[in-house]
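All ligand and atom numbering here is 1-based and tracks the order in the structure.
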Amino acid sequence: MENNLDRLLSKGPDLTKEDLVYLLELADEESIKRLYEQAYRVKLKHVGNKVYFRGLIEFSNICRKNCYYCGIRRGNANVERFQMTAPEIMAAAKWAYDCGFGSVVLQSGERVDEEFVSFVEEILYQIKEMSQGELGITLSLGEQSRSTLERWFAAGAHRYLLRIETSNHDLYRSLHPNDHDFDSRLATLKILADLGYQVGTGVMIGLPNQTTADLADDIIFFKQQDVAMIGMGPYVVHKDTPLGFEYSQRPQRSDEEQLAMALKMIAVTRIYLQDVNIASTTALQALEATGRERGLLAGANIIMPNITDVKYKSSYQLYDGKPCLDENATLCRQCLEGRIASIGEEIAYHKWGDSPHFKSGQKEKQ
Ligand code: 5AD
Ligand code: SF4
Ligand code: FES
């Protein structure tokens, strides 16, 4: 048994789907510990022990979509909708720049109207100008047309996060109303790569009716898509959503079990994909106070400190239990610095932190 696990863990990119499932299903503490240790070794070898910060600005919770799991879905009337002004967003970006963060992430609900598109475009130009092109900018603004994505790229965005949510078509359909389409989401990922964005994708882990075979397929999907970054986290209930309400009546796992599944996903993804950037997402910390440190120890290397103004933070809750709602960006940053130092890792300030995977892909293209 022991040798079998060692043999599997050393297969790395050659793991089969059956191997991935086997690793995701590990249940005894000792084996899980060895899985994390191997993932950590792979991380040290390919991306080192540096953590890259991406300052997350959640600038609006207005969304045209109605995903069954998400707290800011259009149909949730209990949410007070907001949109930060351009000067407010610029102040947050400037703060990140002054602190030496390599980049910021602009995230919001999904909107495709021209007013929104040009608002974002203008912000991008302003951030580039304010930082003399130094601050990297990632967008996480949902599905958009090719022409919109072209405009935003031209204005200075160079990375884009668009989670596929799950690579299982049937599960995808069950989580979204009929106006969502798996294939158009996939097509958007392709357009992003075509346009030259560094593309990130990811899934929710531990969704109702999601199997370990689905999760193994998700990891294989990441490889097929040849993405530079992975941002994935546990599914966490939001009680004012159809899925969250249903799930809270019949929970399928404890928080600790849900967290363990997410950490195993991070570890197996690191072992299989090796040199990509993997985020230790906030949802991990929603389940357990040290969730994000545990994500780094299981193979993740990116943290997205929330730098949104406290007055808006509580209106941007995709799931219940979002941490740091009352902590401002300065406090949260200091707290994260302490957490990261506590596990012997270092923060890489003043660096974009592109994944080695993306860089080697670029070289091949040249
Ligand atoms: N639990 C965990 N993640 C969620 N997201 C939305 N709702 C939830 C939830 N209840 C994630 C989705 C989306 C990202 C912005 O937030 O994966 O892509
Ligand atoms: Fe909107 Fe994104 Fe939430 Fe879906 S997951 S409702 S697109 S913010
Ligand atoms: Fe935000 Fe601790 S991580 S205050």
Side-chain angles (χ1 to χ4, degrees), residues 53 55-56 58-76 79 81 105-112 138-144 160-166 172 175-177 179-180 185 188-189 200-208 210 218 230-248 255 258-259 262 279-293 295 303-308 310 313 315-340 342:
F53 272 177
L56 177 62
E58 298 162 333
F59 68 86
S60 171
N61 63 359
I62 302 170
C63 186
R64 68 186 186 122
K65 285 199 165 157
N66 222 1
C67 307
Y68 295 144
Y69 44 84
C70 175
I72 64 168
R73 61 198 302 273
R74 188 183 71 224
N76 185 1
V79 175
R81 303 288 164 174
V105 182
L106 299 178
Q107 188 177 81
S108 75
E110 190 176 298
R111 274 178 63 184
V112 295
T138 305
L139 298 179
S140 173
L141 306 174
E143 286 172 55
Q144 301 287 342
Y160 204 102
L161 295 173
L162 182 69
R163 291 188 179 181
I164 196 72
E165 313 297 0
T166 170
Y172 186 89
L175 294 169
H176 302 101
D179 58 350
H180 290 56
R185 203 160 180 89
T188 311
L189 282 175
T201 192
V203 293
M204 284 177 288
I205 303 154
L207 288 159
Q210 187 182 42
D218 291 341
I230 317 279
M232 58 185 169
Y235 164 66
V236 181
V237 165
H238 190 298
K239 61 181 180 340
D240 293 338
T241 61
L243 193 74
F245 179 76
E246 198 183 305
Y247 188 90
S248 54
D255 282 0
Q258 189 75 342
L259 178 64
S280 191
T281 54
T282 316
L284 295 165
Q285 195 176 331
L287 293 177
E288 201 272 312
T290 63
R292 280 197 278 185
E293 294 90 294
I303 294 251
M304 292 156 61
N306 195 317
I307 62 169
T308 314
V310 174
K313 265 187 177 178
S315 300
Y316 200 96
Q317 295 198 57
L318 310 180
Y319 44 79
D320 293 333
K322 178 177 178 170
C324 323
L325 286 181
D326 298 324
E327 280 76 13
N328 66 26
T330 303
L331 267 179
C332 202
R333 174 188 160 207
Q334 285 162 354
C335 176
L336 281 170
E337 281 178 340
R339 288 169 184 271
I340 290 164
S342 79

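Taking any N or O of E165, backbone or side chain, at least one lies under 3.5 Å from an N or O belonging to ligand 1. Polar contact with ligand 1: absent for H238 (N/O pair, distance under 3.5 Å). Distances between N or O atoms of V236 and those of ligand 1 include at least one value under 3.5 Å.
Counting only protein N, O or S atoms, 2 lie closer than 2.8 Å to atom 1 (Fe) of ligand 3.
At a heavy-atom cutoff of 4.0 Å, ligand 1 is contacted by both the backbone and the side chain of C70.
Residue pairs meeting the salt bridge (Lys or Arg N to Asp or Glu O under 4.0 Å) criterion with at least one partner in residues 60-71, sequence neighbours excluded, are R64-E110, K65-E110, K65-E143.
Between R292 and L336, some side-chain heavy-atom pair lies under the 4.5 Å cut-off. The side-chain heavy atoms of T241 and N76, taken from C-beta on, include no pair separated by under 4.5 Å. Side-chain contact between P177 and Y68 is present, with heavy atoms from C-beta onward closer than 4.5 Å. Between Q107 and T308, the closest side-chain pair of non-hydrogen atoms is not below 4.5 Å.
Side-chain contact, Y172 with H180: no donor N or O sits under 3.5 Å from an acceptor N or O. Under 3.5 Å, the side chains of Q144 and Y160 contain no donor-acceptor pair of N or O atoms. Between the side chains of E288 and T290, at least one donor-acceptor pair of N or O atoms lies under 3.5 Å.
Ordered by chain and number, C63 SG make up the set of protein N, O or S atoms under 2.8 Å of atom 1 (Fe) of ligand 2.
A heavy-atom separation below 4.0 Å is not found between S140 and ligand 1.
Side-chain rings of H176 and Y69 approach one another, their centers coming within less than 6.0 Å. Ring pair Y235/Y247: centre-to-centre distance below 6.0 Å.
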For the pair I72 and Q317, evaluate side-chain contact (heavy atoms from CB on, under 4.5 Å) and give the outcome as yes or no after the intermediate values.
CA-CA 7 Å; I72 64 168; Q317 295 198 57; 5.8 Å; no
Check the pair E246 / K239 against salt bridge (Lys or Arg N to Asp or Glu O under 4.0 Å), numbers first and verdict last.
CA-CA 9 Å; E246 198 183 305; K239 61 181 180 340; over 6 Å; no
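Interatomic distance, L243 CG to C67 SG, rounded to the nearest 0.5 Å: 11.0 Å. The structure places CD of Q210 at 8.5 Å from CG of L175, a figure rounded to the nearest 0.5 Å.
The nearest heavy-atom contact from the protein to atom 16 (O) of ligand 1 is L318 CD1, 3.2 Å. Scanning the protein heavy atoms around atom 4 (C) of ligand 1, the nearest turns out to be M204 SD, 3.5 Å. Among protein heavy atoms, the minimum distance from atom 2 (C) of ligand 1 is reached at P234 O, 3.3 Å. For atom 11 (C) of ligand 1, the closest non-hydrogen atom on the protein side is R163 NH1, 3.5 Å.
Closer than 4.0 Å to atom 6 (S) of ligand 2 lies at least one heavy atom of the protein.
Close approach of ligand 3 to R339 (heavy-atom distance below 4.0 Å) involves ligand atoms 2 (Fe), 3 (S). Within ligand 3, counting atoms from 1 as listed, the ones closer than 4.0 Å to a heavy atom of R292 are 3 (S).
In this structure, the salt bridge (Lys or Arg N to Asp or Glu O under 4.0 Å) partners of R333, at least two apart in sequence or on a different chain, are E337.
Salt-bridge formation is detected for the pair R185/E165: a Lys NZ or Arg NE/NH1/NH2 atom is positioned less than 4.0 Å from an Asp or Glu carboxylate oxygen.
With Y69, Y247, Y319, Y235 as candidates, the residue nearest to atom 7 (N) of ligand 1 on a non-hydrogen basis is Y69.
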